[in-house]
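For reference, the structure discussed in these notes is given below.
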Amino acid sequence: MTCKEAIYSDNVLDYILSYYRETEFIRRRYDPICITEIDDYRAVIYKEEEKINSESIGRFGYGAIPHVYGLMSEEALEATGVLKIRRQPYLDLYGQDFLVGIVDTGIDFTHEVFINADNTTRIYSIWDQTIRDGNTPEDFEYGREYTEEEINAALADEEPLSRLPSRDDNGHGTFLAGLAAGNEVPEKDFSGVAPLSQLVVVKCKEAKSSYREFYRVPGSAPCYQENDIMCGISYILRKARDLGKQAVICIGMGSNLGNHEGETPLCNMIDYLNMLPGVSIVTCAGNEGNAGHHYLITQEYEEISINVEKSSLGFVAELWWRTPGTLQFDVVAPGGNTLGITRAAAFIRERHRFVVENTTLEVIGGEIQQQARDQVVMFRFENSKEGVWKIRVYTTEPNIRYHMWLPITQFLEGDTYFVKPDPDITICEPGNSRRSICMSAYNPVDEAFFLQASRGFTPNGTIKPDVTAPGVNIYGPLPKNNYGTMTGTSVAAAITTGIAALFMQEYSDYGISGNSVRELLIRGAERRGEEFPSREWGYGTVDAYESITFE
């Protein structure tokens, strides 16, 4: 089996190795089909295995199993202070000579907001991970890379998409790219924030069926693997290096899996990169604030009720706890049958069938790779029946603050939620990464907070979100040269990605990092919320002009 075949095969599993040793050591220890080096610290290996199980979790660590991510879907420019910057002739900030990177659902390269006046493209390259034939990017053995020259040749053709078949059938990536870096189109009353920047776009391939099945993701939901997002980030930065340019990257995806303290491989990667000069990565908080998908455990005994409104293919829930305390649990079906009290331990795996409900429950225990104290118990309900499922938790740990999360809304069939949820600590990964620029959203018309936006802080008290930008009913480009509106924290992240490019342009002589961009956003933000910083607003709403002119 070739490496490309392995990367696409449903009979091959992907594992993320952090802080890995040299390639030959990995080959000797794991005997993979092939290895993709993401950067100097992280790699993906591909093993011929059909299903994720406790043995693989024990061998590689829970953190090595890629999480799955879903999409976090002119007045905005005024609200953020961008137009005020443009009215100052001495600033002249439009993102010139900077790269804006988008890792998402692709891009409609034929849209007018991405085409120069001479009918040439503003896109330097596209890596479409879904296309299996043709030239792959250097250092990556899958997908199809399209260069600026190839995009220009397609635009000169009467049928551009016949010549270059990379599409954005969803529209999410096109919208975010347009907000961050689209052309000024006065007749359509539209402009991207950094309209003179250059784009590099990654279209992520959909997650393998093995991961969809493991995380019980409905077939209709767009779903992407963590390792493919990480490879996309690495690809963009390699292009920036080749061009000698600085890069700002927008990640408009999110996941409710993980301990929400920024310890996933993707979070660790973003933390490292946002310290580097000339690199800035913007993430979104997520749209889970009112979803009822977080439960806070504070007592020695808790009965956690999960309401399942209709039968479904199932769902997963993660319970995160910390040693040295002990943890036991029981599961009670709607009909009253129980799993029996079970002690939580790393690498446990138990299966139990609830006969009356015709539901199978699998319980898997693990720990974060490279970190011993954070422990997880995953509950996998297969073919869950409607009703209230109860998880009883018993612990001896003093000062208890354990957490349980359900997946993001689009990864659940029907309405599945905790009966008594906690709306705080609902920031999605990778927004919890400590040095990421994590954005929440508000309505620029009435200045109201977007109620569905996820809320902070992280379990260890890190202030997230950092700041808040427009993200409700924002106007922007859609495929096939259309325009429309979109709402969500990913929209706020895209606008802020463009602003980050302007900041990096203003301070280009200093080669500032993403961490510095985050501080610029915070220092210029207008304070909002009763508390400061706020669990909803972070440090306030973005004011790009105030950030640059702050004294």
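Scope of the values below: all heavy atoms of this structure, side chains included, with no hydrogens, waters or symmetry mates.
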Task: Pair D104, H172: side-chain N/O donor-acceptor within cut-off below 3.5 Å - done: yes

Open item on the list: Quick check on the 6.0 Å ring-centre criterion: do H352 and F354 meet it?
Closed with: yes

Open item on the list: Are I38 and V44 packed together at the side-chain level, in the sense that at least one heavy-atom pair is separated by less than 4.5 angstrom?
Closed with: yes

Open item on the list: Rounded to the nearest 0.5 Å, what separates atom CD1 in I45 from atom CG in L13?
Closed with: 10.0 Å

- [ ] Answer whether the closest heavy-atom distance between the side chains of L521 and D466 falls below 4.5 Å.
- [x] no

Task: Side chain D424, main chain R455, donor-acceptor under 3.5 Å - done: no

Open item on the list: Distance alone, cut at 3.5 Å: any donor-acceptor contact between the side chains of S234 and D39?
Closed with: no

Open item on the list: Counting only heavy atoms from other residues, nucleotides and ligands, does the tally under 6.0 Å from CZ of R351 exceed 12?
Closed with: yes

Open item on the list: Tell me if a side-chain donor or acceptor on S454 pairs with a main-chain N or O of G286 at a distance below 3.5 Å.
Closed with: yes

Task: Nearest-0.5 Å distance that lies between atom CD1 in I437 and atom CG in N274 - done: 5.5 Å

TODO: Could you check whether the rings of Y142 and Y8 sit parallel, tilted or perpendicular, using 30° and 60° as the cut-offs?
DONE: perpendicular

- [ ] Determine whether the aromatic ring centres of Y15 and Y46 lie less than 6.0 Å apart.
- [x] no

Task: From R535 atom CZ to I427 atom CD1, the distance as rounded to the nearest 0.5 Å - done: 10.0 Å

Open item on the list: Under 3.5 Å, is there a donor on one side chain and an acceptor on the other for T326 and T396?
Closed with: yes

Task: Evaluation steps, ring pair (Phe, Tyr, Trp, His ring centres under 6.0 Å), between F329 and Y394 - done: CA-CA 6 Å; F329 58 87; Y394 314 83; 9.3 Å; no

Open item on the list: Give me each pair satisfying salt bridge (charged side-chain N to carboxylate O under 4.0 Å, His left out) with a member in residues 167-177, each pair once, sequence neighbours excluded.
Closed with: none

- [ ] Check step by step if side chain to side chain contact (heavy atoms under 4.5 Å, CB included) holds for L412 and H293.
- [x] CA-CA 11 Å; L412 293 165; H293 294 161; 3.5 Å; yes

Open item on the list: Is there a side-chain contact between I249 and V282 in this structure, where contact means two heavy atoms from C-beta onward sitting under 4.5 Å apart?
Closed with: no

Open item on the list: I'd like to know whether F379 forms a side chain to side chain contact (heavy atoms under 4.5 Å, CB included) with I391, so could you lay out the CA-CA distance, the side-chain angles of the two residues, the decisive distance to 0.1 Å, and finally the verdict.
Closed with: CA-CA 10 Å; F379 300 88; I391 299 175; 4.0 Å; yes

TODO: Please round to the nearest 0.5 Å and tell me the distance separating atom CE of M253 and atom SG of C204.
DONE: 4.5 Å

Task: Side-chain heavy atoms of W389 within contact of T359, under 4.5 Å - done: yes

Open item on the list: Testing the 3.5 Å rule here: is there a donor-acceptor pair between the side chains of Q225 and D14?
Closed with: yes

- [ ] Kindly indicate, with the supporting measurements, whether the criterion side chain to side chain contact (heavy atoms under 4.5 Å, CB included) is fulfilled by V217 and V68.
- [x] CA-CA 9 Å; V217 177; V68 288; 4.1 Å; yes

Open item on the list: Side chains of R528 and T468, heavy atoms from C-beta outward: is any pair under 4.5 Å?
Closed with: no

- [ ] State which residues pass side-chain contact (heavy atoms from CB on, under 4.5 Å) with E206; sequence neighbours excluded, sorted by chain then number.
- [x] R212, P222, C223, Y224

Task: Qualifying ring-ring contact (aromatic ring centres under 6.0 Å, His included) pairs with a residue from residues 409-434, counting only residues at least two apart or across chains - done: Y295-F418

TODO: Can you sort out the partners of D10 under salt bridge (Lys or Arg N to Asp or Glu O under 4.0 Å), two or more places apart, ordered by chain and number?
DONE: none

- [ ] Answer yes or no: are there more than 12 heavy-atom neighbours, outside E530 itself, under 6.0 Å from its atom CD?
- [x] no

Task: Gap between atom CZ of F449 and atom CD of E536 - 0.5 Å precision - done: 5.5 Å

Open item on the list: The test is ring pair (Phe, Tyr, Trp, His ring centres under 6.0 Å); show your working for H294 and W405 and say whether it passes.
Closed with: CA-CA 5 Å; H294 170 242; W405 286 279; 5.1 Å; yes

Open item on the list: Apply salt bridge (Lys or Arg N to Asp or Glu O under 4.0 Å) to residues E261 and R322 and explain how you reach the verdict.
Closed with: CA-CA 13 Å; E261 291 187 1; R322 177 165 288 188; 3.6 Å; yes

Open item on the list: Taking S305's backbone N and O only, do any of them form a donor-acceptor pair with K420's side chain (distance below 3.5 Å, no angle check)?
Closed with: no

Open item on the list: Cation-pi check for F315 against R216: NZ or CZ below 6.0 Å from the six-membered ring centre and within 45 degrees of the axis, yes or no?
Closed with: no

Open item on the list: To the closest 0.5 Å, what do you measure between OG1 (T496) and CE (M439)?
Closed with: 3.0 Å

TODO: May I have the step-by-step check of side chain to side chain donor-acceptor pair (under 3.5 Å) for T395 and Q328, ending in yes or no?
DONE: CA-CA 6 Å; T395 181; Q328 294 179 309; over 6 Å; no

Open item on the list: Do E263 and N268 make a side-chain contact, defined as non-hydrogen atoms from C-beta onward lying under 4.5 Å apart?
Closed with: yes

Open item on the list: How about NZ on K4, more than 12 heavy atoms from neighbouring residues, nucleotides or ligands closer than 6.0 Å, or not?
Closed with: yes

- [ ] Report yes if the side chains of V12 and I7 come closer than 4.5 Å at any heavy-atom pair, otherwise no.
- [x] no

Open item on the list: Going by the rule ring-ring contact (aromatic ring centres under 6.0 Å, His included), which residues pair with Y235 if we only count those two or more places apart in sequence or in a different chain?
Closed with: W127

- [ ] Would you kindly say whether Q299 and Y402 are connected by a side-chain donor-acceptor distance under 3.5 Å?
- [x] no

Per-pair distances, 0.1 Å, donor-acceptor, side chain in residues 330-342, under 3.5 Å, sequence neighbours excluded:
unit_1: D330; atom_1: OD1; unit_2: L339; atom_2: N; d: 3.3
unit_1: D330; atom_1: OD1; unit_2: G340; atom_2: N; d: 2.7
unit_1: T342; atom_1: OG1; unit_2: G340; atom_2: O; d: 3.0

TODO: Would you check if V103 and I236 make a side-chain contact, meaning some heavy-atom pair closer than 4.5 Å?
DONE: yes

Task: Working for side chain to side chain contact (heavy atoms under 4.5 Å, CB included), residues I16 and M230 - done: CA-CA 10 Å; I16 303 171; M230 294 170 69; 3.9 Å; yes

TODO: Determine whether the side chains of S384 and S312 contain a donor N or O and an acceptor N or O closer than 3.5 Å.
DONE: yes

